[in-house]
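Report on one structure; see the data block that follows.
This one's a predicted model, so the numbers in the text were calculated from it and none came from an experiment.
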Amino acid sequence: EDMQRVFNEYADRRIKVIETPENLGITGNTNLGLAHCTGDYVSFYDHDDTVEPHALAEYVRRINDSDVKPGLLYCDEDNNDENDVPSLPLLKPDYNEDFLLSNDYILHWLTIRRDLLKMVELSGNDVEGAQDYDMTFKIAELGQPVIHIPEVLYHWRIHSGSTAGDPAQKTYTQNAGTRAIKNHLDRLGVEGDVVRGRAFFTYVTSFEAPSPLPA
């Protein structure tokens, strides 16, 4: 009822409200939303975060300026507290497959070409909480261009109970991250083990030495 009142206040034909009789969880709700998407690109956006007013325009500019339509885009970000005071800017590197195996540095604001989403299996409950990480690997495996926009366009809101405020509150998301990496290696046919790193949301991926060993 409270949520419906909010929707009514922001009556806009561009906003599509999808009702479900029960909470399907992060991955289930995300997949339900994806089934109703119609645009060329899909952006994954958390309901309690904010973006810069020109963020979408910057994404569109980078898409239009590319000779080959990007398969995936992401930007820099920071944290905003409950008083909208910014902190901890995350200035990300360009796409780096090896670095991605150690942490989900792409994180927000993941945007993916919708035709590519149709080519991969959507994330399941086994990666609940790390579904964006899982999807990043799946899309990257298709070999399409990955665009990094080096601007802080996304603001991850910190509040009591949020993962940004206290990562220890949601250890299941870190375990899901290890599964996302392991699933990625399995799809590539690469033997390797993944364990959680010492810092929150970091991972250590170990590969088996080839046999026989190379010269």
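Proximity of a side-chain donor or acceptor of Gln174 to a complementary backbone N or O of Phe201 within less than 3.5 Å is detected. In this structure, the side chain of Glu128 engages the main chain of Ile26 through a donor-acceptor pair within 3.5 Å. Within the 3.5 Å criterion, the main-chain N or O of Pro150 finds no donor-acceptor partner in the side chain of Lys92. Using a distance-only test at 3.5 Å, with no hydrogens or angles considered, no donor-acceptor pair links the side chain of Asp46 to the main chain of Asp48. Between the side chain of Lys138 and the backbone N or O of Val120, no donor-acceptor pair lies under 3.5 Å. In this structure, Asp12 contributes its side chain and Arg14 its backbone to a donor-acceptor pair below 3.5 Å. With hydrogens and angles disregarded, no donor-acceptor distance shorter than 3.5 Å links the side chain of Arg113 to the backbone of Asp40.
Both Met119 and Leu188 sit in one connected hydrophobic cluster of ILVMFWY residues. Membership requires side-chain heavy atoms under 4.5 Å apart, directly or through other members. By the rule that hydrophobic residues join a cluster once side-chain heavy atoms approach within less than 4.5 Å of another member, Leu100 and Val204 end up as members of separate clusters. In the hydrophobic clustering of ILVMFWY residues, with side-chain heavy atoms under 4.5 Å counting as a link, Leu117 and Leu24 come out apart.
Between Glu58 and Leu153, the closest side-chain pair of non-hydrogen atoms falls below 4.5 Å. In this structure, Ile18 and Asn29 have side chains that are not in contact, with every pair of non-hydrogen atoms separated by 4.5 Å or more. Contact check for Met135 versus Ile112: side-chain heavy atoms found under the 4.5 Å cut-off. Side-chain contact check for Thr136 versus Leu110: some heavy-atom pair is nearer than 4.5 Å. With a 4.5 Å cut-off on side-chain heavy atoms, Val195 and Thr178 do not count as touching. Inter-residue side-chain proximity for Asn79 and Ser87 is flagged as met; some heavy-atom pair is nearer than 4.5 Å. With contacts defined as side-chain heavy-atom distances shorter than 4.5 Å, the pair Leu72/Ile147 does not qualify.
A side-chain donor from one of Asn183 and Asp126 sits under 3.5 Å from a side-chain acceptor of the other. Side-chain contact, Thr27 with Gln131: no donor N or O sits under 3.5 Å from an acceptor N or O. When only modelled atom types and interatomic distance are considered, Asp193 and Ser206 share no side-chain donor-acceptor pair under 3.5 Å. Side-chain contact check for His184 and Glu141: at least one donor-acceptor pair (N or O, by modelled atom type) lies under 3.5 Å. There is a side-chain donor-acceptor pair under 3.5 Å between Ser123 and Asp134.
When every heavy atom of Asn96 is checked against every heavy atom of Tyr105, the shortest pair comes out as N-OH, 2.7 Å. Of all heavy-atom pairs between Gly177 and Tyr203, the closest is CA-OH, 3.4 Å. The shortest non-hydrogen separation linking Asp132 to Leu107 is OD2-O, 4.5 Å. Annotation for Leu116 and Gly71: closest pair CD1-CA, 3.5 Å, computed over non-hydrogen atoms. Taking both residues in full, the closest heavy atoms of Thr111 and Ser43 are given as OG1-OG, 2.7 Å, listed atom of the first, atom of the second, then distance. Heavy-atom minimum distance, Asp78 versus Pro86: OD2-CB, 3.6 Å.
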Trace of the salt bridge (Lys or Arg N to Asp or Glu O under 4.0 Å) decision for Asp115 with Lys118: CA-CA 5 Å; Asp115 64 319; Lys118 298 178 181 180; over 6 Å; no

Check against side chain to side chain contact (heavy atoms under 4.5 Å, CB included), Glu151 and Asp76: CA-CA 5 Å; Glu151 292 187 41; Asp76 295 345; 5.8 Å; no

Worked check of side chain to side chain contact (heavy atoms under 4.5 Å, CB included) between Thr173 and Tyr133: CA-CA 10 Å; Thr173 64; Tyr133 199 13; over 6 Å; no

Audit row: Asn175, Arg196, side chain to side chain contact (heavy atoms under 4.5 Å, CB included) steps and yes/no: CA-CA 7 Å; Asn175 295 333; Arg196 285 170 51 177; 3.1 Å; yes

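Put simply, CD1 on Ile181 and CZ on Phe137 are 5.0 Å apart, with the number rounded to the nearest 0.5 Å. Separation of atoms CG (Leu32) and CG (Leu122) is listed at 11.0 Å; rounding is to 0.5 Å. The line from NZ of Lys16 to SG of Cys37 is 7.5 Å long, rounded to the nearest 0.5 Å. In this structure, CG on Leu56 lies 9.0 Å from CD1 on Ile63, to the nearest 0.5 angstrom.
Note: His148 and Tyr95 fail the aromatic proximity criterion, with ring centroids not under 6.0 Å apart.
Side-chain heavy-atom separations under 4.5 angstrom define the hydrophobic clusters, and the remaining members of the one that includes Leu91 are Val152. Through direct or relayed side-chain contacts under 4.5 Å between Ile, Leu, Val, Met, Phe, Trp and Tyr, Val127 connects to no other residue. Here Leu88 sits alone; no ILVMFWY side chain lies under 4.5 Å from its own, so it joins no hydrophobic cluster.
For Phe44, the ring-ring contact (aromatic ring centres under 6.0 Å, His included) criterion is met by no residue, not counting sequence neighbours. Every residue two or more places apart in sequence or in another chain that forms a side chain to side chain donor-acceptor pair (under 3.5 Å) with Asp84 is listed here: Arg157. For His108, the ring-ring contact (aromatic ring centres under 6.0 Å, His included) partners are Tyr154, Trp156, not counting sequence neighbours.
For the ring-ring contact (aromatic ring centres under 6.0 Å, His included) with Tyr59, the qualifying choice from Tyr45, Tyr41, Tyr74, Trp109 is Trp109, the only one to do so.
Residue Glu9 places its CD atom among more than 12 non-hydrogen atoms of other residues, nucleotides or ligands, all under 6.0 Å distant.
The existence of a salt bridge linking Arg62 and Asp65 is excluded, since no basic side-chain nitrogen approaches an acidic carboxylate oxygen closer than 4.0 Å.
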